[in-house]
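Just so you know, these numbers come straight off a predicted model, no measurement behind them.
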Amino acid sequence: MTSSVRYLRPVGHYVDAPNLSISVGGTTFAYRDLGPRSGVPLILLNHWGAVLDNFDPRIVDGLASKHRVIATNYRGIGASGGKAPVTIDEMARDAIALIRALGFEKVDLLGFSLGGFVAQDITLKAPDLVRKLILTGTGPAGGKGIDRVGSVSWPLMIKGLLTLRDPKFYLFFTSTANGRRAAKAFLERLKERKADRDKGPTPGAFLRQLKAIKAWGNQAPQDLGSIRIPVLIANGDNDIMVPTANSTDMARRIPGSQLVLYDDAGHGGIFQNYADFVPKALTFLEA
């Protein structure tokens, strides 16, 4: 695979990016910032319970080879202060305030899983703020099975404890040999940063975010047809957390959107296929 990722020449590396913070409305938000200073910045919004060290360094470095990339934490997660919100609405409002506090008038968004919920809501709330939108491993408000993320996840989290594996090994990847190899490689990449790692999520914040996810799954559908910016949607063909049918549904409802589904891949399809996803994302952002 090495030869296929020679295009990855990041301006700085995510494993070495300093931990930064900014006060927004009295709350401290943690983030990391790398890549060239020119052009429209790309804001990364991550999954349930994720902290800054849960962003895949291969994806961040690949995107930062051409774009300024800012990885963010939600309120109450990792080194960010405050109490974790229990609605996507509040997470989106926090993110809009953070983006504006950083001085940006126009951004691109990449949301994975929970981050994709937040990215959709930001785009609908502040359409003039978002230039391009990438939605990965995610689904729309009221989407199929989103209200059952907890019931799907808990047994596999327990399995992770019993087998001494990170639950993402089971939740993000298929159970095939290919999926297991990809899971192991992804989890090893998340350990590459040795110094100044972010704080892990507290159990309370983890549960509060799950409430937000369940509420999103039970929420009335939003008018995705009103999104008139370029949108790239990517997922695995066998996502058990946010069922893949949601990606197809979003692609049908968002005018002109592009859909990429990876074979023999689950919720973490973009991590398993980063060598394909990064060039596709760069092409999309530069078009």
Side-chain angles (χ1 to χ4, degrees), residues 1 3-15 17 31-47 50 52 54-72 95 99 104 106-120 122-123 129-139 172 182 185-186 189-190 227 229-237 239 242 244 246-248 250-251 254 256-263 265-287:
M1 185 171 284
S3 62
S4 66
V5 293
R6 282 180 185 157
Y7 64 88
L8 296 179
R9 291 184 185 165
V11 181
H13 292 271
Y14 191 58
V15 294
Y31 68 101
R32 292 179 189 154
D33 183 355
L34 69 162
R37 303 292 93 178
S38 59
V40 176
L42 175 65
I43 309 297
L44 305 185
L45 301 159
N46 214 349
H47 64 79
L52 292 175
N54 291 116
F55 288 100
D56 189 333
R58 295 298 179 278
I59 289 178
V60 180
D61 286 356
L63 296 171
S65 68
K66 299 285 182 67
H67 297 268
R68 184 174 184 178
V69 175
I70 297 172
T72 63
I99 289 164
F104 302 132
K106 188 74 74 174
V107 296
D108 297 328
L109 299 177
L110 189 161
F112 171 65
S113 194
L114 166 66
F117 307 160
V118 177
Q120 290 172 72
I122 292 169
T123 303
L129 185 62
V130 185
R131 184 186 72 118
K132 293 191 177 185
L133 176 62
I134 302 176
L135 300 171
T136 67
T138 194
F172 283 17
F186 169 69
R189 295 198 296 275
L190 295 188
I227 296 178
I229 59 172
V231 178
L232 173 65
I233 300 165
N235 202 353
D237 66 352
D239 186 342
V242 182
T244 304
N246 289 296
S247 294
T248 306
M250 291 188 300
I254 300 173
S257 58
Q258 303 174 41
L259 176 64
V260 177
L261 294 180
Y262 290 109
D263 293 338
H267 191 57
I270 64 166
F271 310 136
Q272 181 169 329
N273 297 278
Y274 69 86
D276 182 84
F277 172 73
V278 169
K280 279 186 168 62
L282 288 174
T283 297
F284 169 76
L285 292 172
E286 290 160 15

Colleague: Side chains of H13 and L34: closer than 4.5 Å at any heavy-atom pair?
Modeller: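 No, side chains not in contact.
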
Colleague: Can you measure from CD1 (I70) to CZ (F104) and round to the nearest 0.5 angstrom?
Modeller: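 These two atoms lie 3.5 Å from each other.
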
Colleague: Atom CD1 of I229 and atom CG of L109: how far apart are they, to the nearest 0.5 Å?
Modeller: 7.5 Å

Colleague: Heavy atoms only: give me the nearest K106-P41 pair and the separation to one decimal.
Modeller: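 K106 and P41 have their closest heavy atoms at O-CD, 3.6 Å.
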
Colleague: D56: what forms a salt bridge (charged side-chain N to carboxylate O under 4.0 Å, His left out) with it, not counting sequence neighbours?
Modeller: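 By the salt bridge (charged side-chain N to carboxylate O under 4.0 Å, His left out) rule, D56 matches R189.
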
Colleague: Quick one: pull up CD1 in I233 and CD1 in I254 and give me the separation to the nearest 0.5 Å.
Modeller: 4.5 Å

Colleague: Are the side chain of N46 and the backbone N or O of T72 linked by a donor-acceptor pair below 3.5 Å?
Modeller: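 Pair absent, no side-chain N/O of N46 close to backbone of T72.
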
Colleague: Is a side-chain N or O of R131 found less than 3.5 angstrom from the main chain of L129, in a donor-acceptor match?
Modeller: no

Colleague: Should the ring pair H267 and F112 be called parallel, tilted or perpendicular, given that the plane angle runs from 0 to 90° and is split at 30 and 60?
Modeller: tilted

Colleague: Looking at G137 and D239, what are the two nearest heavy atoms and their distance?
Modeller: CA-OD2, 4.0 Å

Colleague: So which atom in L261 and which in G236 form the shortest heavy-atom distance, rounded to 0.1 Å?
Modeller: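 Answer, listing the atom of L261 first, then G236: CD2-O, 4.2 Å.
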
Colleague: Evaluate the side-chain proximity of L110 to V69: yes if any heavy-atom separation is below 4.5 Å, no if none is.
Modeller: no

Colleague: So, Q120 side chain and G139 main chain: donor-acceptor pair closer than 3.5 Å or not?
Modeller: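 Yes, the answer is positive, given that a donor and an acceptor are paired below the 3.5 Å cut-off.
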
Colleague: What is the minimum heavy-atom distance between G62 and S65, and which atoms define it?
Modeller: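 Result for this residue pair: O-OG, 2.6 Å.
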
Colleague: Just wondering, do Q258 and F284 contact through their side chains at under 4.5 Å, heavy atoms?
Modeller: yes

Colleague: Would you say the side chain of F277 lies within less than 4.5 Å of the side chain of T136, judging by non-hydrogen atoms?
Modeller: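 A side-chain contact under 4.5 Å exists here.
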
Colleague: Between R58 and V278, is any pair of side-chain heavy atoms under 4.5 Å apart?
Modeller: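 R58 vs V278: side chains apart.
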
Colleague: Are T138 and N246 close enough that some pair of their side-chain heavy atoms sits under 4.5 Å apart?
Modeller: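 Of all side-chain heavy-atom pairs linking N246 with T138, none is under 4.5 Å.
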
Colleague: Any donor and acceptor pair, going by atom type alone, linking the side chain of S257 with main-chain N or O of P230 inside 3.5 Å?
Modeller: no

Colleague: What are the two closest non-hydrogen atoms of P36 and A64, and how far apart are they?
Modeller: CD-O, 3.2 Å

Colleague: Locate the shortest heavy-atom distance separating A50 from N54; write the atom from each residue and the value.
Modeller: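 Here A50 and N54 meet closest at CA-OD1, 3.4 Å.
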
Colleague: How long is the straight-line distance from CG of N273 back to CD1 of I59, given to the nearest 0.5 Å?
Modeller: 9.5 Å

Colleague: Just verifying a value: how many Å separate N235 CG and Y262 OH, rounded to the nearest 0.5 Å?
Modeller: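 Reported to 0.5 Å precision, the distance equals 10.5 Å.
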
Colleague: Do I270 and I134 come close enough that some side-chain heavy atom pair is under 4.5 Å?
Modeller: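 Sidechains of I134 and I270: no contact.
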
Colleague: Once rounded to the nearest 0.5 Å, what's the spacing between atom CD1 of I227 and atom OG1 of T123?
Modeller: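 These two atoms lie 5.5 Å from each other.
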
Colleague: Is the shortest heavy-atom distance from the side chain of K66 to the side chain of L285 under 4.5 Å?
Modeller: no

Colleague: Are the side chain of D108 and the backbone of K132 linked by a donor-acceptor contact shorter than 3.5 Å?
Modeller: yes

Colleague: Can you list the steps and then say if F172 with H47 is a side-chain contact (heavy atoms from CB on, under 4.5 Å)?
Modeller: CA-CA 11 Å; F172 283 17; H47 64 79; 4.0 Å; yes

